[in-house]
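Throughout, a chain's letter reflects where its sequence line sits, starting with A, and its residues are numbered from 1.
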2 protein chains.
Amino acid sequence: MTVLSTPASAKRVAVLKALAHPSRLLITEALMSGELCVCDLRDLVGDDVSTVSKHLSILRSAGVLTCEKRGLNVYYSLVCDCFGEFLRCVDQVCALPPVQPSVKINCC
Amino acid sequence: MTVLSTPASAKRVAVLKALAHPSRLLITEALMSGELCVCDLRDLVGDDVSTVSKHLSILRSAGVLTCEKRGLNVYYSLVCDCFGEFLRCVDQVCALPPVQPSVKINCC
DNA sequence: GCCATTCTTGGTTATTTTGCCAAATAATAA
DNA sequence: TTATTATTTGGCAAAATAACCAAGAATGGC
């Protein structure tokens, strides 16, 4: 990592890294419908609870998720309501087929 | 990777992964001002050319960048004009301080 | 108190990613 | 042709990531 990055860029990288994993993206997509506890998310993802817990920890420290403990359960939810918008943006950034056709498009 | 992900999610992950690296994000941000050749980007990033070339290959196969060869140089540019919008979205997804204050905000 | 449940943390191993060097490829100039 | 410059590719060692198991911490029920 030879690059000297601004604090803003560093935070962006942390968010992108947090979301750049199939299970973590799935978790985040699921939370668009509302909060879920860890065991719900374990059922969704299908991994060991400890693995899911670590994924949640990564998403939390990136600032994407918050959590709240109620009784025995810990409920996770999205920090920001704009996640759907975000996903739409992701889809548009690479809207073209991955093979490089040297064409530019207007999206957004 | 126990998760069964839809093709759409798989592509999203590929894009996010491609952008989730300091050098690659820096490269992409730089290309918002217009195309640059590999040696420009090597100067920007400060890594070995081979390293930069591999970063570019990752961004290209994720569908984020296109390239065009002119003479000895290969010029890279963004596939989509909406990258600024995308970055704004990234910033908003985690707009709160990374410590979890159990507060929700409206952004976007 | 003790036990069951939920979640997190520590430790280990396997896999993936990163970044360098050296070599190969491509285009152009001499 | 040979040399020069720009870029890509292969290979390797180091670093980071992922996923499991086992153990620990917190809560609630008995």
Side-chain angles (χ1 to χ4, degrees), chain A residues 1-5 9-10 13-28 30-31 35-62 64-77 99-100 102, chain B residues 1-5 9-10 13-28 30-31 35-62 64-77 99-100 102:
Chain A
M1 199 181 297
T2 336
V3 172
L4 54 152
S5 51
S9 290
V13 168
V15 175
L16 293 168
K17 245 199 230 179
L19 294 169
H21 182 285
S23 303
R24 294 199 290 266
L25 189 63
L26 181 65
I27 287 170
T28 313
L31 293 176
E35 63 171 22
L36 291 169
C37 73
V38 178
C39 49
D40 292 334
L41 294 168
R42 167 184 44 79
D43 293 344
L44 174 76
V45 168
D47 284 344
D48 192 87
V49 204
S50 66
T51 302
V52 173
S53 179
K54 280 174 184 168
H55 283 318
L56 291 168
S57 160
I58 291 170
L59 286 164
R60 191 156 33 85
S61 56
V64 177
L65 302 185
T66 348
C67 64
E68 184 187 348
K69 182 157 194 172
R70 291 203 300 276
L72 274 179
N73 301 299
V74 178
Y75 292 87
Y76 279 82
S77 54
V99 255
Q100 51 273 23
S102 294
Chain B
M1 198 180 298
T2 336
V3 173
L4 55 154
S5 51
S9 291
V13 168
V15 175
L16 293 168
K17 241 198 230 177
L19 295 169
H21 183 285
S23 304
R24 293 198 291 265
L25 189 62
L26 182 66
I27 287 170
T28 314
L31 293 177
E35 64 170 22
L36 291 169
C37 73
V38 178
C39 48
D40 292 335
L41 294 168
R42 167 183 46 76
D43 293 345
L44 173 77
V45 168
D47 284 343
D48 193 88
V49 205
S50 66
T51 300
V52 174
S53 178
K54 278 174 185 171
H55 283 318
L56 291 168
S57 159
I58 290 170
L59 286 164
R60 193 157 31 83
S61 55
V64 177
L65 303 185
T66 347
C67 63
E68 185 185 349
K69 182 155 194 172
R70 291 203 297 278
L72 273 180
N73 300 299
V74 178
Y75 291 88
Y76 279 82
S77 55
V99 254
Q100 51 274 25
S102 294

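- One interatomic measurement links the two molecules: NZ of B/K17 to P of C/dT15, which rounds to 15 Å at whole-angstrom precision.
- Between B/S77 and B/T66, the closest side-chain pair of non-hydrogen atoms falls below 4.5 Å.
- For A/H21 and D/dA19, the shortest distance from a side-chain N or O to OP1 or OP2 is below 4.0 Å.
- Minimum heavy-atom separation, B/V15 to B/A62: CG2-O, 3.7 Å.
- Taking CG of B/L56 as the reference point, atom OG of B/S61 lies at 10.5 Å (rounded to 0.5 Å).
- Under the 6.0 Å distance and 45° angle rule, A/R60 does not count as a cation-pi partner of A/Y76.
- Between D/dA6 and B/Y76, no contact under 4.0 Å exists linking OP1 or OP2 to a side-chain N or O.
- The residue B/K69 sits close only to the backbone: its heavy atoms come under 4.0 Å of sugar-phosphate atoms, none of a base.
- One finds no side-chain N or O of A/T51 lying less than 4.0 angstrom from the OP1 or OP2 phosphate oxygen of D/dA19.
- The residue among A/L72 and A/S50 whose nearest nucleotide of DNA chain D is located toward the 5' end is A/S50.
- For the OP1/OP2 pair of D/dT5 and a distance below 4.0 Å, the side-chain nitrogens and oxygens of B/N73 include no atom meeting the criterion.
- Between A/R24 and A/G71, the residue whose closest nucleotide on DNA chain D is further toward the 5' end is A/R24.
- Atom CD1 of B/I27 is separated from atom P of D/dT7 by 12 Å (rounded to the nearest Å).
- Taking atom CD1 on B/I58 and atom P on C/dG19, their separation rounds to 9 Å, with Å as the unit.
- A straight line from CZ of A/R60 to P of C/dT8 spans 6 Å, rounded to a whole angstrom.
- Across the protein-nucleic acid pair, A/L56 atom CG and C/dT6 atom C1' stand 13 Å apart, rounded to whole Å.
- Here the side chains of B/L26 and B/S23 are not in contact, with every heavy-atom distance at 4.5 Å or above.
- One atom, NE2 of B/H55, and another, P of D/dT9, lie 15 Å apart when rounded to the nearest Å.
- In this structure, A/K54 places its NZ atom 10 Å from C1' of C/dT12, rounding to the nearest Å.
- A/E35 has its CD atom 16 Å from the C1' atom of C/dC7, to the nearest Å.
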